[in-house]
Participant: 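Below you'll find the structure I mean.
Throughout, a chain's letter reflects where its sequence line sits, starting with A, and its residues are numbered from 1.
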Amino acid sequence: MPTNDPKFYVSTPIYYVNDRPHIGHIYTTTLADVLARYHRLRGDRTFFLTGTDEHAAKVVDTAKEKGFTAQQWADQNAGVFQDTFKKLGMSNDDFIRTSQDRHTSRVKQYIQQLIESGDVYAGEYEGWYDAGQEEYLPENKAKEYDYRSPFNNKPLVRKVETNYFFKLSAYQDRLTELLNDHPQFVQPDARRNEVLGRIREGLNDVPISRSGSGGWGIAMPGDESQTVYVWIDALFNYYTTVDTDDRRAFWPADVHLIAKDILWFHAVIWPAMLMALDLPLPKQVYSHSFWISEGQKMSKSLGNFIDLEKIDEYVDEFSLDALRWYLSTQGPLGSTDSDFAHGKFVDVYNSDLANTLGNCAARVTNMIVRYFDGKMPAAAPGREDAEARQLRSVAMGMYEKVDTLYEKVAVAAANDAALEVVRAVDTFIEQTQPFKLAKDESQRERLGMILYYCAEALRIASLGLSPVLPDKMAEFWQLLGITYDTQAGDLADWCQWGGLQLGSDVQKGAPLFPRKQDK
RNA sequence: GGCCCCGUAGCUCAGCGGUUAGAGCAGUCGACUCAUAAUCGAUUGGUCCCUGGUUCGAAUCCAGGCGGGGCUACCA
């Protein structure tokens, strides 16, 4: 996040491999992708990580049901995530799978280290055991079910087993200090408060191993009868992936993007384990909220789940970039849920993308084609009037705004700061009326200046929008006869006024975002 | 039960002690024609949830209430 550090490491959670990808996975991954693209554009050495979490006990069960080994089943489903992300143009630099040796071998090392430091110790876990499901129920759940199995209604039994525990309780003060001294560590603030509140209630040591996992998962070092609890296993992915000579400099992560349901693990257990390992802490855990669908909670019974098929429909009808725009401008980055609604999607698409951005690009390129035969006219410096100066100043101010906002993960506001430049172009055209000047041969120089200003402001806006709209902005650059290497950018420099060259070829092209009728 | 967040224009939200409370979208009126029935301007619209308090001054701070939501640790 800090501007003076030219590296950026962003992660998504690793996704439960039994899940089918849906809007939740795609949202978080899209956000991470947007941040990663922004930082590459900025010139930062960027590392964007996503992957799958594979060692849950249920993976074994489901695999068995389907007639596969756990590994085969995990391979297959991890493949679905990988294909999905590829199809959606995600620019992740790696895809970590917790069943990979590069992960498991390192997790063992870390746990070994924690055993040696005394942060992990053998203890006894006592809880309500449901023999039918072969699993423990948390105290509140057990109470809720009246101490009976929700499956076969048999009484739960009090069972004790030996597990390895992590000394979470020892880190209560340091965690409190972390949250208090670094409010950015957990965002948004509402989430940070939740975490602080719960820490205040006191921290217990947490079991980090399980028995009887049937050989799936990571064996506890020195005790083959125990398996590293899947959550602990999973959290380590953020570090195992970069714990190599060529990547270690990426650590600590700049942002772990997560959803609100997994905040506790990321905001408390993860940093405590890193403290125990004496490793630097991530700079931020950003916990977004959920999507609801057409005003209602998503559920299978309502059939309103935004699944892959639904997402494909939106991509087909509106374009991938349009989906990215909706997700990143309307998404639940704050502490409340956001609505994914078709009518709203169409409204946002039409007003932001078709009417504002697409239309403005079309009118400007069209005028350059019509009045200057598709050759970029000269800027004619020194002839700048108040309106032109105003436009230039809005455009030149964009980078700083966008950069500040991206640092705060305020993606929607950053997009708006870029769109503001587009709106300024529309206003400028209205003020200067180039289409009228075009009828007067004596106004030719002024006409050229005006259109150059329009195109130049749009070029700068397009750079600010490129992380969210990578395909469409690249298409637009083609129309302007320019290209950018967005993989290794120099955004501050590119956003300087005067990037367009006199005489470069300009085309009108097809509408970037064709207007849609709501239906 | 405990802790936390939110309640500002029809909608989504910004403002978080100080000029006549703002933006985008939607609405209305007007203008324009380069453009994707687009754009530009003007404009309608608000007891800033309620009550009380602090203050020269509160949407903004405090207390209580009402309404909505979240969290309350071992299913990913």
Side-chain angles (χ1 to χ4, degrees), chain A residues 13-19 52-59 98 125 127 133 135-141 163 165-166 168 188-208 210 229-234 259-265 267-269 287 289-290 329-330 334-339 341 343-344 347-348 350-371 412-413 416 419-420 423 425-439 447 450-451 454 508 510-517:
Chain A
I14 47 174
Y15 301 116
Y16 181 40
V17 79
N18 258 7
D19 272 349
T52 41
D53 177 13
E54 310 189 350
H55 286 143
K58 280 184 186 156
V59 171
T98 55
Y125 178 78
Q133 284 192 93
E135 68 182 29
Y136 285 91
L137 288 169
E139 184 62 39
N140 57 342
K141 284 276 178 195
N163 284 137
F165 282 73
F166 171 60
L168 183 63
D189 285 328
R191 299 287 170 228
R192 176 171 147 269
N193 287 344
E194 278 177 19
V195 174
L196 270 170
R198 281 178 64 184
I199 292 176
R200 216 177 296 128
E201 288 168 16
L203 295 177
N204 298 324
D205 291 350
V206 288
I208 61 151
R210 294 294 147 90
Y229 175 46
V230 64
W231 252 113
I232 302 302
D233 171 352
K260 62 186 180 183
D261 53 338
I262 55 175
L263 179 59
W264 184 251
F265 291 96
V268 174
I269 297 176
S287 170
S289 301
F290 294 149
T329 60
Q330 307 300 313
S335 58
T336 50
D337 297 346
S338 297
D339 194 10
K344 192 175 170 193
D347 284 350
V348 169
N350 278 338
S351 63
D352 290 349
L353 298 179
N355 296 351
T356 303
L357 179 55
N359 180 63
C360 188
R363 65 199 301 213
V364 170
T365 50
N366 181 59
M367 284 191 276
I368 294 172
V369 168
R370 268 174 77 151
Y371 309 145
D416 196 58
L419 255 204
E420 222 170 80
R423 292 193 192 102
V425 172
D426 276 332
T427 303
F428 180 64
I429 291 172
E430 214 60 34
Q431 289 167 332
T432 56
Q433 311 251 303
F435 40 87
K436 275 192 183 150
L437 300 179
K439 292 169 186 158
L447 175 63
I450 288 167
L451 293 180
C454 290
K508 184 182 178 189
L512 294 171
F513 300 98
R515 194 162 206 287
K516 299 286 177 185
Q517 294 303 314

Participant: Need one value for A:R192: base, sugar-phosphate or nothing, where a base atom within 4.0 Å counts as base even if backbone is also close, heavy atoms only.
Facilitator: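 Nothing, no nucleic acid heavy atom in range.
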
Participant: Given B:rU39, B:rU36, B:rG2, which nucleotide is nearest the side-chain atoms of A:E201?
Facilitator: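 Shortest atom-to-atom distance from the side chain points to B:rG2.
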
Participant: For the pair made of CD in A:E430 and C1' in B:rA31, what is the distance, rounded to whole Å?
Facilitator: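 Checked: the CD to C1' distance equals 8 Å.
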
Participant: Heavy atoms only, 4.0 Å cut-off, all strands: where does A:W264 land among base, sugar-phosphate and nothing?
Facilitator: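 Since a base atom lies under 4.0 Å of A:W264, the category is base.
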
Participant: Between B:rA37 atom C1' and A:R515 atom CZ, what is the distance in whole Å?
Facilitator: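 So the two atoms are 7 Å apart, to the nearest Å.
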
Participant: In whole angstroms, how far is the P atom of B:rC5 from the CG atom of A:L196?
Facilitator: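 It works out to 11 Å between those atoms.
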
Participant: Considering only side-chain heavy atoms of A:R370, which listed nucleotide, B:rC34, B:rC40, B:rA73, is closest?
Facilitator: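 The answer is B:rC34, which lies nearest to the side chain.
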
Participant: Between A:N359 and B:rU39, is there a contact of a side-chain N or O with OP1 or OP2 at under 4.0 Å?
Facilitator: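 For B:rU39, neither OP1 nor OP2 has a side-chain N or O of A:N359 closer than 4.0 Å.
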
Participant: Whether the side chain of A:D337 engages the backbone of A:F290 through a donor-acceptor N/O pair (distance < 3.5 Å, no angle test) should be reported.
Facilitator: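 Pair found, side chain donor or acceptor close to backbone of A:F290.
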
Participant: Are any of the side-chain heavy atoms of A:L353 and A:L512 separated by less than 4.5 Å?
Facilitator: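 No. Closest side-chain heavy atoms not under 4.5 Å.
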
Participant: Measure from the side-chain heavy atoms of A:D426 and tell me the nearest of B:rC40, B:rC34, B:rU36.
Facilitator: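 Among the listed nucleotides, the one closest to the side chain of A:D426 is B:rC40.
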
Participant: Measure from the side-chain heavy atoms of A:E194 and tell me the nearest of B:rC34, B:rG70, B:rC40.
Facilitator: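 For A:E194, the side-chain atoms sit closest to B:rG70.
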
Participant: Counting heavy atoms from C-beta on, name the nucleotide in B:rC74, B:rU36, B:rC34 closest to the side chain of A:R363.
Facilitator: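 Looking only at heavy atoms from C-beta outward on A:R363, the closest nucleotide is B:rC34.
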
Participant: What is the minimum heavy-atom distance between A:P434 and A:Y371, and which atoms define it?
Facilitator: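 Heavy atoms of A:P434 and A:Y371 come nearest at O-CE1, 4.4 Å.
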
Participant: Measure OH/A:Y125 against P/B:rC74 and give the value in whole Å, please.
Facilitator: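 It works out to 7 Å between those atoms.
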
Participant: Regarding A:D416, tell me which of base, sugar-phosphate or nothing describes its non-hydrogen contacts under 4.0 Å with the strands shown.
Facilitator: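 It contacts nothing in the nucleic acid.
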
Participant: Which whole number of Å gives the distance between the C1' atom of B:rC49 and that of B:rA9?
Facilitator: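 Straight-line distance between the two C1' atoms is 15 Å.
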
Participant: Less than 4.0 angstrom from a charged side-chain N to a carboxylate O is my criterion; do A:E194 and A:R191 meet it?
Facilitator: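 Looking at A:E194 and A:R191, the cut-off is met.
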
Participant: If the cut-off is 4.0 Å, is A:K516 near the phosphate of B:rU36, judged by side-chain N/O to OP1 or OP2?
Facilitator: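 For A:K516, the contact criterion (side-chain N or O under 4.0 Å from OP1 or OP2 of B:rU36) is not met.
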
Participant: Start at the 5' end of RNA chain B and walk down; is the nucleotide closest to A:F265 or to A:K260 reached first?
Facilitator: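 Nearest-nucleotide comparison on RNA chain B picks A:K260.
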
Participant: Can you figure out which of B:rA76, B:rC13, B:rA73 approaches the side chain of A:T336 most closely?
Facilitator: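 For the A:T336 side chain, the nearest candidate turns out to be B:rC13.
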
Participant: With both distances kept under 3.5 Å, what pairs with B:rG1, Watson-Crick or G-U wobble?
Facilitator: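 B:rU72 - that is the nucleotide pairing with B:rG1, both distances being under 3.5 Å.
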
Participant: Using the P atom as the reference point in each nucleotide, state the distance between B:rG45 and B:rG10 in Å, no decimals.
Facilitator: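 My reading of the P atoms in B:rG45 and B:rG10 gives 11 Å.
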
Participant: Identify the nucleotide, in any strand shown, that forms a Watson-Crick or G-U wobble pair with B:rU60, with both distances under 3.5 Å; if there is none, say none.
Facilitator: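 Paired with no nucleotide.
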
Participant: Calculate the interatomic distance between A:D261 atom CG and B:rA73 atom P; express it in whole Å.
Facilitator: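 Between P of B:rA73 and CG of A:D261: 14 Å.
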
Participant: Separation of A:Q431 atom CD from B:rU39 atom P, in whole Å?
Facilitator: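 Computing the A:Q431:CD to B:rU39:P distance gives 16 Å.
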
Participant: Considering only the C1' atoms, how many Å lie between B:rG65 and B:rC56, rounded to the nearest integer?
Facilitator: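 About 29 Å, rounded to a whole number of Å.
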
Participant: What does A:I269 touch in the nucleic acid at a heavy-atom separation under 4.0 angstrom: a base, only the sugar-phosphate, or nothing?
Facilitator: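 The answer is nothing, as A:I269 stays clear of every strand by at least 4.0 Å.
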
Participant: Give none if B:rA37 has no partner; otherwise give the nucleotide forming a Watson-Crick or G-U wobble pair with it, both distances under 3.5 Å.
Facilitator: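 B:rA37 is paired with nothing.
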
Participant: Of the nucleotides B:rU33, B:rC34, B:rU36, which one has an atom closest to the side chain of A:K436?
Facilitator: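 Of the options given, the side chain of A:K436 lies nearest B:rU33.
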
Participant: Looking only at atom C1', what distance separates B:rU19 and B:rC13, rounded to whole Å?
Facilitator: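 Rounded to whole Å, the distance is 24 Å.
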
Participant: Could you tell me whether A:Y371 contacts a base, only the sugar-phosphate backbone, or nothing, with contacts defined as non-hydrogen atoms closer than 4.0 Å?
Facilitator: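 Since only primed, P, OP1 and OP2 atoms lie under 4.0 Å of A:Y371, the category is sugar-phosphate.
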
Participant: So which nucleotide does B:rA21 pair with, by the Watson-Crick or G-U wobble rule with both distances under 3.5 Å?
Facilitator: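 Base-paired to nothing in any strand shown.
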
Participant: Between A:N350 (side chain only) and A:K516 (backbone N and O only), is there a donor and an acceptor less than 3.5 Å apart?
Facilitator: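 Yes.
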
Participant: Using a 4.0 Å heavy-atom cut-off across all strands, classify A:I262 as base, sugar-phosphate, or nothing.
Facilitator: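 The answer is nothing, as A:I262 stays clear of every strand by at least 4.0 Å.
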
Participant: Partner of B:rA42 by Watson-Crick or G-U wobble geometry, both contacts under 3.5 Å, or none?
Facilitator: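 Across all strands, the one nucleotide that pairs with B:rA42 is B:rU28.
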
Participant: Is A:R423 salt-bridged to A:D426, going by a charged N under 4.0 Å from an acidic O?
Facilitator: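 Salt bridge flag = no for A:D426 with A:R423.
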
Participant: Separation of A:D339 atom CG from B:rC13 atom P, in whole Å?
Facilitator: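 Taking atom P of B:rC13 as the reference, CG of A:D339 is at 10 Å.
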
Participant: Which one of A:I262, A:V206, A:I208, A:D53 satisfies the side-chain contact (heavy atoms from CB on, under 4.5 Å) criterion with A:W231?
Facilitator: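 Between A:W231 and the candidates, side-chain contact (heavy atoms from CB on, under 4.5 Å) is satisfied uniquely by A:I262.
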
Participant: Counting only side-chain heavy atoms from C-beta out, which of B:rU36, B:rU12, B:rG41 sits nearest to A:A362?
Facilitator: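 Shortest atom-to-atom distance from the side chain points to B:rU36.
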
Participant: When the distance from CD1 of A:I232 to P of B:rC74 is rounded to whole Å, what number comes out?
Facilitator: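 The answer, rounded to whole Å, is 13 Å.
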
Participant: Checking all strands, does A:P434 fall into the base, sugar-phosphate, or nothing category for heavy-atom contacts under 4.0 angstrom?
Facilitator: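 No contact.
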
Participant: Mind checking A:N204 for me? I need base, sugar-phosphate or nothing, with any heavy atom below 4.0 Å counting as a touch.
Facilitator: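 Base contact - A:N204 has a heavy atom under 4.0 Å of at least one base atom.
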
Participant: Within the 4.0 Å heavy-atom criterion, would you say A:Y229 contacts the bases, only the backbone, or no part of the nucleic acid?
Facilitator: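 Sugar-phosphate, backbone atoms only, no base.
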
Participant: Check every atom of B:rU72, B:rA76, B:rC3 against the side chain of A:R198 and return the nucleotide holding the closest atom.
Facilitator: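 Of the options given, the side chain of A:R198 lies nearest B:rU72.
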
Participant: Quote, to the nearest angstrom, the C1' distance that separates B:rC6 from B:rG15.
Facilitator: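 Looking at atom C1' only, B:rC6 and B:rG15 are 15 Å apart.
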
Participant: Quantified in whole Å, what is the C1' atom distance between nucleotide B:rU60 and nucleotide B:rU55?
Facilitator: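 Straight-line distance between the two C1' atoms is 13 Å.
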
Participant: Of all heavy-atom pairs between A:P188 and A:S335, which one has the smallest distance, and what is that distance?
Facilitator: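 A:P188 and A:S335 have their closest heavy atoms at CG-N, 4.1 Å.
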
Participant: When you get a sec, tell me which of B:rC5, B:rG70, B:rU39 is the closest nucleotide to the side chain of A:N355?
Facilitator: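 Looking only at heavy atoms from C-beta outward on A:N355, the closest nucleotide is B:rU39.
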
Participant: Could you check A:L512 against A:A190 and say which one's nearest nucleotide on RNA chain B is further toward the 5' end?
Facilitator: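 Nearest nucleotide further toward 5': that of A:A190.
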
Participant: On a whole-Å scale, what distance lies between the C1' atoms belonging to B:rA26 and B:rU12?
Facilitator: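 Here B:rA26 and B:rU12 have their C1' atoms 11 Å from each other.
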
Participant: Counting any heavy atom closer than 4.0 Å, what does A:V230 reach on the DNA or RNA strands: base, sugar-phosphate only, or nothing?
Facilitator: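 Sugar-phosphate contact only - A:V230 comes under 4.0 Å of backbone atoms but never of a base.
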
Participant: Could you check whether A:D233 pairs with A:R210 (Lys NZ or Arg NE/NH1/NH2 to Asp/Glu carboxylate O, under 4.0 Å)?
Facilitator: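 No, this pair does not count.
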
Participant: With C1' as the reference atom in both, quote the distance from B:rA76 to B:rC66 in angstrom, rounded to an integer.
Facilitator: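 The answer is 38 Å between these two C1' atoms.
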
